[in-house]
Chemist: 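What follows is a single structure, and I will ask about it in a moment.
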Amino acid sequence: MPQRSKTLFGLVDCNNFFVSCERVFTPSLEKKPVVVLSSNDGCIVARSNEAKALGIPMGAPMFEWRDVCRRGGVVALSGNHALYADMSDRVMRTVAEFVDDYEVYSIDEAFLRFGPREDAEGTCRALRAAVHRRVGIPVSIGLDATRTLAKAAAKFAKRHPELHGVFSLQGHPRKDELLESFEVGDLWGIGRQYSKKLIGAGIRTARMLRDLPDTWILRHLGSSGLRVAMELRGMPCGEYAAAREHRKSIICSRSCGRPIVSLPELKEAVATHIASAAETLREDGLRARFLTVFVGFRKQGYGMPYPSGRSVQLETPTNDTPELIRAAHTLVDAMHHDGLAYKKVGVRLTDFSGEEAHQLDVFGRGEPDPKRRAAWAALDKINAEWGTGTVKFAAEGVARGWKPKAERRSPRYTTRWDELKVVR
DNA sequence: TCTGGGGTCCTAGGACCC
DNA sequence: TCTGGGGTCCTAGGACCC
């Protein structure tokens with residue numbers, strides 16, 4: 001197979017992204033241990049370096065670390081995702097200015113691709129400086145022949161301040177040595193299970209995995225593991241992270257601030273999730289044909305709540321909110337049991353088609369009503385401009401005592417007029 | 001007592017068909 | 001007592017990512 005060895009991949013990774021966003025607007029958080037919490041103030045999903053130094057792990061439940069946080073003077077903030085999305089846009093716009101061929105990979109990461117004659121490293125240094133100057137977010141950038149190696153390079157850049165945030169592994173004279181120092185579990189694509197298997201077999205480092213025979217990898221880790229090894233050898237497995245043409249599902253789910261017991265409240269929560277899922281659907285110009293409602297109960301020992309769900313295939317694909325709410329409520333009626341306490345509620349939409357190529361059912365129905373389309377467009381516009389939930393459907397409820405807790409949220413400086421930063 | 005949310009891909013097994 | 005083989009499609013579960 002011809003190698004595209006001339007192409008160089010870059011990975012831009014925002015350091016401690018959510019914490020860095022908060023610090024832009026609250027400079028007093030600088031140099032202090034800070035954590036950002038997930039929905040319901042449940043888990044720790046971002047940590048400043050000072051918080052990491054206290055030993056607080058990623059994804060840890062807050063209640064287990066409350067004492068450590070109190071003793072260490074840690075500032076804990078509820079997630080302010082409207083702010084983070086807006087800051088992410090600013091970072092990505094800067095990336096787009098410096099690099100033609102890039103791919104947004106997550107809210108805080110983008111892959112870059114450079115041709116053979118481009119000054120990749122110089123561009124990355126300029127990009128890093130520009131993001132810092134304009135957006136105020138520190139980033140680390142790694143470079144090498146594959147995405148997996150670029151990700152590893154970015155970790156080196158982050159770990160060693162003397163590299164000033166940019167590091168290229170490509171052609172590095174001590175590459176083997178560096179990969180030997182890189183723990184296998186820190187590789188992109190090697191999670192907890194694979195890591196356990198590898199370490200059990202004595203494979204502790206990226207270099208050891210790279211040099212393993214394909215047959216062994218295939219037998220123990222399957223094709224996903226082999227892809228990681230090939231990328232470590234410098235062979236890009238493009239489809240691994242290639243830009244997806246279209247999304248394949250939309251999920252909206254939340255843990256409840258307090259458990260839901262009544263049928264009307266369960267319906268409210270489901271309607272709320274449907275409304276936001278349908279908004280995403282319309283934003284992407286899609287209709288969905290398959291709808292799932294799922295619920296979770298109180299924790300069953302360790303691990304995730306025991307989930308249970310029901311699905312329905314709609315007669316025709318739709319993105320009409322009331323229509324979807326009706327279908328979802330039929331499912332809720334069938335699944336609700338008196339006396340059960342619902343801890344988590346969610347909906348999932350799948351089986352998408354484009355807005356133009358809609359299908360009619362056997363009776364020729366399914367032609368979208370232009371008046372309704374216009375109404376949803378207006379609603380989406382208002383909610384986009386003034387914040388999600390500015391205009392709601394009656395079915396979403398008013399009291400909403402089940403809403404997740406977010407007791408330490410910072411203001412939405414960039415997306416709400418009434419929460420603009422006041423400068424004195 | 002308190003443990004997030006939103007995604008993707010792969011695989012194994014069952015149903016069904018010829 | 002004998003009781004195929006191969007293909008496809010669907011679903012559930014597991015693994016991974018941020």
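These numbers were taken from a predicted model, which means no experiment stands behind them.
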Chemist: Could you tell me the separation between the CG atom of A:Asn40 and the P atom of B:dC2, rounded to a whole number of Å?
Modeler: 11 Å

Chemist: Can you tell me if the side-chain N/O atoms of A:Lys343 get under 4.0 Å from OP1 or OP2 in B:dC2?
Modeler: no

Chemist: Could you pull out every donor-acceptor pair under 3.5 Å between side chains of residues 59-75 of chain A and any protein atom, sequence neighbours left out?
Modeler:
none

Chemist: Could you work out, with ring-ring contact (aromatic ring centres under 6.0 Å, His included) as the rule, every residue matching A:His81, not counting sequence neighbours?
Modeler: A:Phe18, A:Tyr84

Chemist: Expressed in angstrom and rounded to an integer, what is the separation of A:Arg147 atom CZ from C:dC18 atom P?
Modeler: 14 Å

Chemist: Please give, in whole Å, the distance from B:dG5 P to A:Asp108 CG?
Modeler: 19 Å

Chemist: Of A:Lys405 and A:Arg254, whose closest DNA chain B nucleotide lies nearer the 5' terminus?
Modeler: A:Lys405

Chemist: Between B:dG5, B:dT3, C:dC18, spot the one nearest the side chain of A:Lys344, thanks.
Modeler: B:dG5

Chemist: Given C:dC18, B:dT11, C:dC16, which nucleotide is nearest the side-chain atoms of A:Arg192?
Modeler: C:dC16

Chemist: Of the listed nucleotides (B:dT11, B:dT8, B:dG4), which one gets closest to any side-chain atom of A:Lys248?
Modeler: B:dT8

Chemist: Between B:dT11, C:dC18, B:dG5, which one does the side chain of A:Ser223 approach most closely?
Modeler: B:dT11

Chemist: Could you tell me how far apart A:Tyr84 (OH) and B:dG5 (C1') are, to the nearest whole angstrom?
Modeler: 14 Å

Chemist: Give a yes/no answer on whether the side chain of A:Ser39 brings an N or O atom under 4.0 Å of OP1 or OP2 in B:dG5.
Modeler: yes

Chemist: From B:dG4, B:dC10, C:dC18, pick the nucleotide closest to the side chain of A:Cys43?
Modeler: B:dG4

Chemist: Under a cut-off of 3.5 Å for both distances of each Watson-Crick or G-U pair, what dot-bracket string does DNA chain B give, using [ ] for crossing pairs and | for inter-strand pairs?
Modeler: ....||||||||||||||

Chemist: Taking atom C1' in both C:dG4 and B:dC16, what distance in whole Å separates the two?
Modeler: 15 Å

Chemist: Would you say a side-chain N or O of A:Arg227 is under 4.0 Å from OP1 or OP2 of B:dC10?
Modeler: yes

Chemist: How would you list, by chain and number, every residue that makes a ring-ring contact (aromatic ring centres under 6.0 Å, His included) with A:Phe352, sequence neighbours excluded?
Modeler: none

Chemist: Closer than 4.0 Å, any side-chain N/O of A:Ser255 to the OP1 or OP2 of B:dG5?
Modeler: yes

Chemist: Closest to the A:Tyr105 side chain: C:dC17, B:dG4, B:dG7?
Modeler: C:dC17

Chemist: In this structure, how many angstroms lie between the C1' atom of C:dA15 and the NZ atom of A:Lys197, rounded?
Modeler: 9 Å

Chemist: If you look at every strand shown and take non-hydrogen atoms under 4.0 Å, does A:Phe17 touch a base, only sugar-phosphate, or nothing?
Modeler: nothing

Chemist: Nearest to the side chain of A:Ser224, which nucleotide is it out of B:dG6, B:dG5, B:dC10?
Modeler: B:dC10

Chemist: So, A:Asp108 versus A:Ser106: side-chain donor-acceptor pair below 3.5 Å or not?
Modeler: yes

Chemist: Considering just the side-chain nitrogens and oxygens of A:Ser106, establish if one lies under 4.0 Å of OP1 or OP2 belonging to B:dG7.
Modeler: no

Chemist: May I have all residue pairs that pass ring pair (Phe, Tyr, Trp, His ring centres under 6.0 Å) and include part of residues 194-218 of chain A, sequence neighbours excluded?
Modeler: A:Trp216-A:His220

Chemist: Without swapping roles, check the side chain of A:Glu183 against the backbone of A:Thr205 for a donor-acceptor pair under 3.5 Å.
Modeler: no

Chemist: Mind checking what makes side-chain hydrogen bond (donor to acceptor under 3.5 Å, both in side chains) contact with A:Arg258, not counting sequence neighbours?
Modeler: A:Glu265

Chemist: Counting only side-chain N and O atoms of A:Lys151, is one of them less than 4.0 Å from OP1 or OP2 of C:dC17?
Modeler: no

Chemist: Is any side-chain N or O of A:Ser249 closer than 4.0 Å to OP1 or OP2 of B:dT8?
Modeler: yes

Chemist: How is A:Gly191 classified with respect to the nucleic acid when contacts are heavy atoms under 4.0 Å: base, sugar-phosphate, or nothing?
Modeler: sugar-phosphate

Chemist: Where do A:Phe182 and A:Phe156 land on the ring pair (Phe, Tyr, Trp, His ring centres under 6.0 Å) test, with the steps shown first?
Modeler: CA-CA 9 Å; A:Phe182 199 91; A:Phe156 283 117; 5.5 Å; yes

Chemist: When the distance from CD of A:Glu64 to C1' of B:dC2 is rounded to whole Å, what number comes out?
Modeler: 10 Å

Chemist: Could A:Lys392 and A:Glu268 be called an ion pair, given the rule that one side-chain N must be under 4.0 Å from one carboxylate O?
Modeler: no

Chemist: B:dT1 P sits how many Å from A:Trp65 CH2, rounded?
Modeler: 21 Å

Chemist: What contact category does A:Ile44 fall into here, base, sugar-phosphate, or nothing, at under 4.0 angstrom with non-hydrogen atoms?
Modeler: nothing

Chemist: Once you round it to whole Å, what is the distance between C1' of C:dC18 and NE2 of A:His81?
Modeler: 12 Å

Chemist: Measure from the side-chain heavy atoms of A:Ile250 and tell me the nearest of B:dG4, B:dC10, B:dG7.
Modeler: B:dG7

